[in-house]
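See structure below.
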Protein chains: 2
Amino acid sequence: MKYKKTAPIGVFDSGVGGLTVAREIMRNLPHEKIVYFGDTARVPYGSKSKETILRYSRQIVRFLQTQEVKAIVVACNTASALALETISEEIDIPIIGVVKPGAKVAAQTTRNKKIGLIGTRATVKSDLYRKTIQAENPEIEVIGQPCPLFVPLVEEGWLKDSVTIEVAKRYLAPLLEKDIDTLILGCTHYPLLRSTLKTLVGDGVTLVNPAYETAKELQRLLKEQGMENEIHTDEEFPYRFFVSDEEECFQEFANSILPYNVKRTEQINIEEF
Amino acid sequence: MKYKKTAPIGVFDSGVGGLTVAREIMRNLPHEKIVYFGDTARVPYGSKSKETILRYSRQIVRFLQTQEVKAIVVACNTASALALETISEEIDIPIIGVVKPGAKVAAQTTRNKKIGLIGTRATVKSDLYRKTIQAENPEIEVIGQPCPLFVPLVEEGWLKDSVTIEVAKRYLAPLLEKDIDTLILGCTHYPLLRSTLKTLVGDGVTLVNPAYETAKELQRLLKEQGMENEIHTDEEFPYRFFVSDEEECFQEFANSILPYNVKRTEQINIEEF
């Protein structure tokens, strides 16, 4: 085994959104240490090309490897959809994304075989959710809907605002018309809109949160490979946070959503990796 | 003189927004050639730190200098507010931004000495508009309002949409309550919302478009320094476009707003400059 069981898990995202994945890992794998990287100097990824996302993701993976992580979680739907497959062939530690765990659970959840997918333009366009779902069951139809306004609305803090409800109604209408019974929250910011979206889609539609499913997948993977950290850490900082832009804004957002008080975030120049 | 009069003008922005400035240069200085750079791989700048904006702007200026431009226009309010002053001391060709020309005209326009400023968080926070306006007349009050949802709304194409009107009403309310008579469109995307904003603020408020004022300032500067291109170019491509991410999306947007058919855009790796 290359790394110790006590080594941290590397988690990265284009910015703050991946904190919803880190949050699920903290809740479900409380013994694991985390090194989180948010690419706040180049956020967002959702409107950028595959080639650019791959270049950025490789730089981040190189940085995380300097932190001697034992596994990496790509906590960004766009990077999971566009860069994960290539990178997993280039490194020798386990790496998982948020797309496949979410897609698999959605495939198991739907009864009428109609799944809605909301996410960034890049995630929806990449088609990885559809391919993964149809590998489970080729009869399932996946209806994708890019929702480019959701991230800025979340970052504005308008989680239950009338504007957000109106925008969500408009984005969800084509999905509801197609009679979906399962909706994948295909962007890490979207779990923060969960209650607004739930009200709009009603009880007939099950929401799938890939962040939660990814934490469960990570747990299975670590167990399978005998890499779980069995010792409860008494380190003062079991969770370390790095960003590519200023620490300040990140830390504020982090503290508003994590079950952990982030006291320190470090800025690094990711272009050097 | 370092460069020929026939050399192009370098124009840069974080993405597509600066095309509203390029458009004004094309209209008002039809003899000038342009090299445009849009940093689409790292867009937007408005939520990022001064240090990051400065690093990015320096890379772009280095790239533009390889294109032997005779002058540079920083067609991005955020970069104008955060990076221009430093960079102008580091290079030996004229460089102007969009903030000062817009601020000066706003100071000359207001009668009741109350100016509203809308822009990104970084632009409003930078305080350069207020400082420039108060250097003209210290009695003028400048009321700033960040509008982080406007850029994604413009990019979604919802220019006159009910959602955009509702968001605009909310952002403008504190400015109208303060009885402003002049409103600076302090982000290069905002001229595309001009008619929506004009309807909401009414005839009592004059809109100032820094893109137009910047083209006029450039004209004065070139004339003053004897650097105007007097020969009408018959080059096939008087306007050249470069981006840091894929060409496709950029070109579509460019063709929707420019009085010129953009046939080719080149992608470069800006991190190498």
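Each chain gets a letter, A, B and so on, in the order its sequence line appears, and its residues count up from 1.
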Heavy-atom distances under 4.5 Å only: say whether [X] touches chain B with side chain, backbone, both or neither.
| X | answer |
| --- | --- |
| A:L153 | both |
| A:V151 | neither |
| A:P44 | both |
| A:Y45 | neither |
| A:E51 | side chain |
| A:Q59 | side chain |

[X] and [Y]: side chain donor to acceptor below 3.5 Å:
| X | Y | answer |
| --- | --- | --- |
| B:T123 | B:S126 | no |
| A:S14 | A:D39 | no |
| A:Y129 | A:N77 | yes |

Problem - Under-4.0 Å salt bridge between A:R58 and A:E90 - result: yes
Problem - Salt-bridge present (B:K50, A:D245; N to O < 4.0 Å) - result: no
Practice task
Mind ranking B:Q267, B:E155, B:E271 by heavy-atom pairs under 4.5 Å with chain A and telling me who comes out on top?
Solution key: B:E271
Practice task
Between chain A and each of B:P152, B:S47, B:S49, count heavy-atom pairs under 4.5 Å; write down the option with the most.
Solution key: B:S49
Exercise for the section: Kindly indicate whether the side chain of A:V124, heavy atoms from C-beta on, has any atom under 4.5 Å from the side chain of A:Q145. Expected result: no
Completion exercise
Counting heavy-atom pairs under 4.5 angstrom with chain B, the leader among A:K48, A:R55, A:R42, A:E166 is A:K48
Handout entry: Heavy-atom pair with the smallest gap, counting every atom of B:T265 and B:E247
Key = O-CG, 3.0 Å
